[in-house]
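To keep things clear, I will list the structure first and then write my remarks on it.
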Amino acid sequence: MRWTQALIPTLKETPAEAEILSHKLLLRAGLVRKLTGGLYTFLPLGLRALRKVEQIVREEMDRAGALEVLMPALQPPEIWQQSGRYETAQAVFFKARDRAKKEWILGPTHEEVITTLVAGELSSYRQLPKNFYQIQTKFRDEIRPRFGLMRAKEFIMKDAYSFDATEEGAQTSYKKMYDAYTRIFQRCGLKAMAVEADTGVMGGKFSHEFMVPAETGENEVVYCDGCNYAANIEKATSRHMMHADTGDKELPIEKFATPGVTTINALTKAPYTIAAHQQIKTLVYIVNDKPVLILLRGDHQLNEAKLTGVLGTATFRPATPDEIVDVLKAKPGSLGAVGVKDIPVYADEVLRGASAMTTGANEDGFHLRNVALGRDIHPAHWADLRTTQIGEACSNCGKPLKIQRAIEVGHVFKLGTKYSKALNALFVDEKSEQHPAIMGCYGIGVTRTLQAVIEQCNDKDGIVWPISVAPYTVCITPLTVAKDSTVMQLAEKIYNELSARGIDVIMDDRDERPGMKFKDSELVGFPIRIGIGEKSLAKGEVEIKPRGGALIPVKPDQAIEKVIELIKAG
RNA sequence: CGGGACGUAGCGUAGCUUGGUAGCGCGCUUGCUUGGGGUGCAAGAGGUCGUGAGUUCAAAUCUCACCGUCCCGACCA
């Protein structure tokens, strides 16, 4: 490709719409342009990089034995009704109507479609296992699209679905995808980590997210340097350490006035000076229209993802102040579980056996001290409900846990038989007995992965593409572009030879000043630049400059060889 | 959906408080100049000031509504 023939609209200044670095670079390097919020056009260079990511994904999926298909993006609502997700997925649907006013759904995901296909095509254990994948545009009415390609209304996803006859087979399928994902992100030049992920109401332990550490990520990962433990904060646990000093267990409850005190923090201050970890935080939630109390240590935060798992439902919300008064006869700030009957109480494990605690008295302006769990409060349910905090002890090895923000680029998930049952994806085993296939689903955000690469691979001058996903591997930069110049003639020769060897090469044949061409090549981030100018040529040299590395002068007839050597070295 | 910020040429912005000819930088066009790190000079083109209503002799500027963009949040009492 010749630069003058291409469209590479680099920008010196950053458009105001971009906040995070990778988004700025996507725009400045001329890779994408926004149509409107959450919708982007891929320009030629951006598309080339995207295609390279796709190809890596495709090669690794094929290698893992998955079969590529292409399903319709437009889906009939009936299959969603059949799976039982029509209502719950309502919020993410983009819908369309045909001329007969019939409703259609722009697919946010494809469990229903693939399971319908399999229900019709596979009927024997002899045909299993099977794993189908596609690389396709997904549509989701996101609450808040942001950060360019990071969270968009329309994005490209690789989604795969495995079907197995046995549990062991399903685990093997899962492991194959896990391994394939590890290779995919490696090949894309990403430092990604697999972390345990929340499985929500589905339960089970088989879900991992692939996370790219980045401060701009929307997720938090809890991890341990001492062992391999890593988990999404929604799922992460820590050792249940009760604070050492729980005081005298025998002291009777005492009510005391706390006028105007409505927060944990206010109670830690004079004249009360009750440490947050000596307080019980009492939350009121409405679960399926009924109130429940949730107790946590004062310095801990509720983890709603864990609560979902414990309750077995996601239909809950914090109670409104009015509802709270209705239930406990006191306003928020003076709530407690002492003496509460008829309302289910869920308590975090950390509180088990705690005594000498302080909690609200269910009377505005009053608290209770010397409260002992088990004596004064009798929770019906104990569970891990708190959000793991930095520095807590690792459940495996006891070392202090760390927390890192990260971008979720992939998710592998063992589904079970939810969809195969609902959509009749049944097979017969060797005894002629019918069973629903055991499913797994596996997603990679392809467009998000592309942006994650940029987020991770850059310096002050621009993008630093890994060779594997760079839009062009080599950029030839002749500093004189007159056709009859020796500089340009040599540039043409090298360009033709590299092209003939199948290397993606772009020639910056613009009649621009050297400084501008250098800046642009670095902003876009081509892995290897070959600078050819009269000054170096006079010394019998051309300049090979790996992006982010030191300049390597070589003789013109050694340039091709050196470039190939650099590409092989990665 | 709630909160906040913003909307002026392709991009970045000034002007708005205190209403009166819409300005600058980048980019673009033309000419000269320069030619190894975003040259210099000169001349140009390019604007429904987001949209609509209102106030006014007069609105980019004041008022209201709507649309759009970006950020934070959707929860802990």
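Throughout, protein chains are lettered first and strands after them, A, B, ... in sequence-line order, and every chain is numbered starting at 1. Computation of the quantities below employed the complete heavy-atom set of this structure, encompassing side-chain atoms and omitting hydrogens, waters and symmetry-equivalent molecules.
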Classify the ring geometry of A/Trp3 against A/Phe526: parallel below 30°, tilted from 30° to 60°, perpendicular beyond 60°. perpendicular
Can you work out whether A/Phe147 or A/Leu296 has the more 5'-proximal nearest nucleotide on RNA chain B? A/Phe147
Mind checking the CD1-CZ spacing from A/Ile280 to A/Arg297? Nearest 0.5 Å is all I need. 11.5 Å
Any donor-acceptor pair, under 3.5 Å, between the side chain of A/Glu13 and the base of B/rG25, if you only look at N and O atoms? yes
Is there a side-chain polar atom (N or O) of A/Arg144 under 4.0 Å from OP1 or OP2 of B/rC72? yes
Calculate, to the nearest 0.5 Å, the distance between atoms OG1 and CD belonging to A/Thr387 and A/Glu220 respectively. 9.0 Å
Which letter, B, S or -, goes with each nucleotide of nucleotides 29-41 of chain B from 5' to 3', with contact meaning a protein heavy atom under 4.0 Å? -----BBBBBB--
Could you measure the distance from the CD atom of A/Gln451 to the OH atom of A/Tyr40? Nearest 0.5 Å is fine. 8.0 Å
Return the pairing partner of B/rC66 with a 3.5 Å limit on both distances, Watson-Crick or G-U wobble; otherwise return none. B/rG50
Taking the nucleotide of RNA chain B with the closest heavy atom to each, which residue, A/Pro15 or A/Lys331, is nearer the 5' end? A/Pro15
Which nucleotide in the set B/rC71, B/rC75, B/rG68 lies at the smallest distance from any side-chain heavy atom of A/Thr36? B/rG68
Tell me which nucleotide, if any, is Watson-Crick or G-U wobble paired with B/rG44 when both distances must be under 3.5 Å. B/rC28
What is the nucleic acid contact for A/Ala319, judged by heavy atoms within less than 4.0 Å: base, sugar-phosphate only, or nothing? base
Any side-chain N or O of A/Thr282 less than 4.0 Å from the OP1 or OP2 oxygen of B/rC76? no
Classify the nucleic acid contact of A/Leu335 as base, sugar-phosphate or nothing, counting any heavy atom under 4.0 Å across all strands shown. nothing
Strictly by Watson-Crick or wobble contacts shorter than 3.5 Å, is anything paired with B/rC75, and which nucleotide is it? none
Checking B/rG25, B/rC76, B/rC71 against the side chain of A/Lys281 (C-beta onward), the nearest is B/rC76
Side chain of A/Ile143 (C-beta onward), nearest among B/rC76, B/rG73, B/rC11: B/rG73
If you look at every strand shown and take non-hydrogen atoms under 4.0 Å, does A/Glu17 touch a base, only sugar-phosphate, or nothing? sugar-phosphate
Atom pair CZ (A/Phe94) and CG (A/Asp141), whose distance is rounded to the nearest 0.5 Å: 4.0 Å
